[in-house]
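Below is one structure; the comments refer to it alone.
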Amino acid sequence: MSKTQTNSKMEFLEDPAALAGSLGKAELFFEKNQKLILGLLGGIVLVVAGFIGYRYWVSSQDQEAQTAVFPSVYEWEADSLKKSLNGNGANEGLVAISEEYSATPTGNVASFRAGVAFLKLGQYDQAIEKLKSFKSSDLLVQARAYALIGDANMEKKAYGDAIEYYKKAADYKPNPYFTPAYLMKLALAYEQNKQSQDAIDTYSSIIDKYPTSSEAANAKKYKSVLESTVGES
């Protein structure tokens, strides 16, 4: 900024008349746009109040859900799967809780437990529906949910869908502890879907990226068998 500009700025700041004129313009702008400005401010207040109210409501609903879900979790852990899903007459089951409290963390976890129970009972479509509605940022559980959806589709012989969800499981926050197992499932799904080269590539991925995993030895074996089969065809 030049000296002339600096002086001009200082003159403006020190000039009461200029400052009054500037404030007058601001007041005039407010008068002309009063409804719009007040409407915007009111909208912001409503959004903030609504957000706070929603958070409070979710918190109170989650407390209710935790109380309601306890008997079903007990049945689930005892492997009384039908009771855990449908309740025992005196208590709601996981299905009802997952729907009634779907906006809460407890309702979300109830969807996961319900999906696992349906899968164990061989009710694959219901398992897929519940597991798809489950969402988590957890390293283990979200990838596990994707893999279980893949398992349900494998049981249905819907190999293309199984491949999709095994890929999601393997790609979700990759790590040396769980990812190799999901890649093994993916490779086997590729084999069932007659995608031999994709299966070979997936086995290679396990061998190259996770050489110390317990799955690496089987990946080498299955890859070798598959390559010999592809070579003969």
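Note on ring orientation: taking the six-membered ring where Trp is involved, the planes of Y146 and Y172 are perpendicular (angle over 60°, cut-offs 30° and 60°).
Neither Y182 nor M154 shares a network with the other; the hydrophobic side chains, linked directly or stepwise wherever heavy atoms of I, L, V, M, F, W or Y lie under 4.5 Å apart, form separate groups for each. Put simply, F70 and Y101 are part of two different groups of oily side chains (I, L, V, M, F, W, Y) that touch within less than 4.5 Å, one to the next. Linking ILVMFWY side-chain heavy atoms closer than 4.5 Å, directly or via other members, places M184 and I207 in two distinct hydrophobic clusters. One hydrophobic cluster holds both V116 and Y124 under the rule that ILVMFWY side chains link at heavy-atom gaps under 4.5 Å.
Ion pairing between a basic and an acidic side chain is recognised when a charged N comes within 4.0 Å of a carboxylate O; D161 and K156 show no such pairing. Note on E215 versus K220: no salt bridge recorded, every NZ/NE/NH1/NH2 to OD/OE distance being 4.0 Å or above. Salt bridge R144/D138: absent, no basic N to carboxylate O contact under 4.0 Å.
Judged purely by atom type and a 3.5 angstrom limit, T104 uses its side chain to pair as donor or acceptor with the backbone of G107. Listed for the E75 side chain is no donor-acceptor partner under 3.5 Å among the backbone atoms of K83. Not a single donor-acceptor pair under 3.5 Å links the side chain of S224 to the backbone N or O of K221. Not one N or O on the side chain of D125 forms a donor-acceptor pair closer than 3.5 Å with the backbone of I128.
At a threshold of 4.5 Å between non-hydrogen side-chain atoms, the residues F118 and K130 count as touching. A heavy-atom distance below 4.5 Å is not found between the side chains of S102 and N108. Using a 4.5 Å heavy-atom cutoff, the side chains of E92 and E99 are not in contact.
Between Y159 and A189 the shortest heavy-atom distance is CB-O, 4.3 Å. Pairing each heavy atom of I97 with each of A110, the nearest pair is CG2-CB, 4.2 Å.
In this structure, the side chain to side chain contact (heavy atoms under 4.5 Å, CB included) partners of A117, at least two apart in sequence or on a different chain, are W76, L81, S84, L85. Taking K173 as the reference, S137, L139 meet the side chain to side chain contact (heavy atoms under 4.5 Å, CB included) condition, with sequence neighbours excluded.
The OG atom of S111 sits 9.0 Å away from the NZ atom of K135 when rounded to the nearest 0.5 Å. Atom CD of E129 sits about 11.5 Å away from atom CD of Q123, to the nearest 0.5 Å. Distance check, rounded to the nearest 0.5 Å: CG of L119 to CG of L148 gives 6.0 Å. A distance of 4.0 Å separates OH in Y210 from OG1 in T179, rounded to the nearest 0.5 Å. Here the CD1-OH distance, from I206 to Y222, works out to 10.5 Å after rounding to the nearest 0.5 Å. Of the inter-residue distances, the one linking E227 atom CD with K223 atom NZ reads 5.0 Å to the nearest 0.5 angstrom.
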Using atom types as modelled, flag every donor-acceptor pair under 3.5 Å from a side chain in residues 190-200 to any protein atom, sequence neighbours excluded.
from: Y190; atom 1: OH; to: K167; atom 2: NZ; distance (Å): 3.4
from: E191; atom 1: OE2; to: Y203; atom 2: OH; distance (Å): 2.5
from: N193; atom 1: ND2; to: Q195; atom 2: OE1; distance (Å): 2.6
from: Q195; atom 1: NE2; to: D198; atom 2: OD2; distance (Å): 2.9
from: Q197; atom 1: NE2; to: D201; atom 2: OD1; distance (Å): 3.0

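A donor and an acceptor atom, one from each side chain of D151 and Y166, are located under 3.5 Å apart.
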